[in-house]
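Inspection log for the structure reproduced underneath, given as structure tokens.
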Amino acid sequence: MKSEFGWIEIDKVRYDHDVIIHCDGYVTKRSKKRSKELKSTYGHTPLSDHELDILGKEKPEIVYIGTGQYGDLPITPDAETVLSRFETVIRPTPEILDILKKERRSFVAIIHVTC
């Protein structure tokens, strides 16, 4: 895995958008639509609790949040509450990718590819 501003490469596939890596390793596009209404409050579309319903369904052992190349993805207080129910690591995206390369537990990773 590797990334630079605006993209991430996972298993030799390049994504030019935020992604979710699911417990089974499947990669999907992060749908920011449910958090978009909060953009004016945060100056950027944040990660909100509306996007975290997958955690209850997948029940990962650990959750990773990649907050972008410079670590600027805002996380809402409600999202922090949901994340507090899981072992969670929140770091800039490049740091998260380094950790994921070694992770053996089941995880969900929400990865922001810009800021």
Side-chain angles (χ1 to χ4, degrees):
M1 282 186 264
K2 60 185 175 178
S3 71
E4 288 188 19
F5 190 91
W7 61 268
I8 183 170
E9 185 178 289
I10 303 168
D11 296 329
K12 299 182 183 177
V13 177
R14 183 175 168 148
Y15 301 90
D16 295 323
H17 51 74
D18 292 2
V19 298
I20 299 173
I21 305 171
H22 298 269
C23 286
D24 63 3
Y26 191 70
V27 178
T28 60
K29 182 177 183 177
R30 174 184 167 220
S31 176
K32 299 186 276 187
K33 186 176 185 179
R34 294 168 61 189
S35 298
K36 204 69 142 171
E37 66 188 32
L38 300 169
K39 184 176 183 175
S40 61
T41 302
Y42 289 87
H44 189 303
T45 302
L47 176 65
S48 74
D49 60 316
H50 304 299
E51 297 180 60
L52 300 176
D53 55 346
I54 61 167
L55 301 179
K57 295 173 187 170
E58 295 196 32
K59 297 178 178 39
E61 294 177 69
I62 187 165
V63 177
Y64 290 98
I65 307 296
T67 57
Q69 293 299 308
Y70 312 113
D72 292 335
L73 175 70
I75 300 173
T76 67
D78 289 339
E80 289 176 356
T81 298
V82 172
L83 293 169
S84 72
R85 299 180 193 131
F86 298 87
E87 182 178 346
T88 303
V89 176
I90 302 171
R91 300 262 192 290
T93 295
E95 292 179 34
I96 291 294
L97 297 183
D98 287 341
I99 296 168
L100 291 181
K101 291 173 186 174
K102 300 171 192 153
E103 183 58 71
R104 298 295 171 240
R105 295 171 287 180
S106 69
F107 67 84
V108 166
I110 300 172
I111 309 292
H112 183 58
V113 298
T114 59
C115 70

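All of these numbers come straight from a predicted model, not from anything done at the bench.
Ile10 and Val108 fall into different hydrophobic clusters, where Ile, Leu, Val, Met, Phe, Trp and Tyr residues are linked whenever their side-chain heavy atoms come under 4.5 Å apart, directly or through other members. Met1 and Ile20 are not part of a single hydrophobic cluster, where members link through side-chain heavy atoms under 4.5 Å apart. Linking Ile, Leu, Val, Met, Phe, Trp and Tyr residues whenever their side-chain heavy atoms come within less than 4.5 Å places Ile62 and Ile96 in a single cluster. Residues Tyr64 and Leu83 are members of separate hydrophobic clusters, defined by side-chain heavy-atom contacts under 4.5 angstrom among Ile, Leu, Val, Met, Phe, Trp and Tyr. With hydrophobic clusters built from ILVMFWY side chains whose heavy atoms lie under 4.5 angstrom apart, Ile65 does not share a cluster with Ile99.
Of the inter-residue distances, the one linking Glu51 atom CD with Arg30 atom CZ reads 4.0 Å to the nearest 0.5 angstrom.
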Step by step, work out the side-chain contact (heavy atoms from CB on, under 4.5 Å) result for Trp7 and Lys2. CA-CA 9 Å; Trp7 61 268; Lys2 60 185 175 178; 4.0 Å; yes
Report the C-alpha separation of His44 and Leu73 in whole Å, then their side-chain angles, then the decisive distance to 0.1 Å, and conclude whether the side-chain contact (heavy atoms from CB on, under 4.5 Å) test is met. CA-CA 7 Å; His44 189 303; Leu73 175 70; 4.2 Å; yes
Residues Ile90, Thr67; criterion side-chain contact (heavy atoms from CB on, under 4.5 Å); working and verdict: CA-CA 7 Å; Ile90 302 171; Thr67 57; 3.5 Å; yes
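Between Asp98 and Arg91, no side-chain nitrogen of the basic residue sits less than 4.0 Å from a carboxylate oxygen of the acidic one, so the salt-bridge criterion is not met.
Taking each heavy atom of Leu100 and Ile111 in turn, the nearest pair found is CD1-CD1, 4.5 Å. Heavy-atom minimum distance, Tyr42 versus Pro77: OH-CD, 3.3 Å.
Between the Lys59 side chain and the Gly56 main chain, a donor and an acceptor come within less than 3.5 Å of each other. Judged purely by atom type and a 3.5 angstrom limit, Asp18 uses its side chain to pair as donor or acceptor with the backbone of Val113. Using a distance-only test at 3.5 Å, with no hydrogens or angles considered, a donor-acceptor pair links the side chain of Thr93 to the main chain of His112. No donor-acceptor pair under 3.5 Å is formed between the side chain of Thr45 and the backbone N or O of Lys32. Judged by distance alone, the side chain of Ser48 and the main-chain N or O of Pro46 form no donor-acceptor pair under 3.5 Å. Of the possible donor and acceptor atoms, one in the side chain of Glu61 sits under 3.5 Å from a partner among the backbone N and O of Ser106.
Applying the side chain to side chain donor-acceptor pair (under 3.5 Å) test to every pair with at least one member in residues 68-86, sequence neighbours left out, gives these pairs: Ser3-Gln69.
Taking a 6.0 Å sphere around NZ of Lys33, one finds it holds 12 or fewer heavy atoms contributed by other residues, nucleotides or ligands. Within a 6.0 Å radius of CG in Asp24, more than 12 heavy atoms belonging to other residues, nucleotides or ligands are found.
Using cut-offs of 30° and 60° for the angle between ring planes, the Tyr15 and His17 rings count as perpendicular.
At least one side-chain heavy atom of Leu55 sits less than 4.5 Å from a side-chain heavy atom of Pro60.
Applying the side chain to side chain donor-acceptor pair (under 3.5 Å) criterion to Arg105, with sequence neighbours excluded, gives Glu87, Glu103.
When the options Leu52, Val19, Ile21 are evaluated for a side chain to side chain contact (heavy atoms under 4.5 Å, CB included) with Ile110, the one that passes is Leu52.
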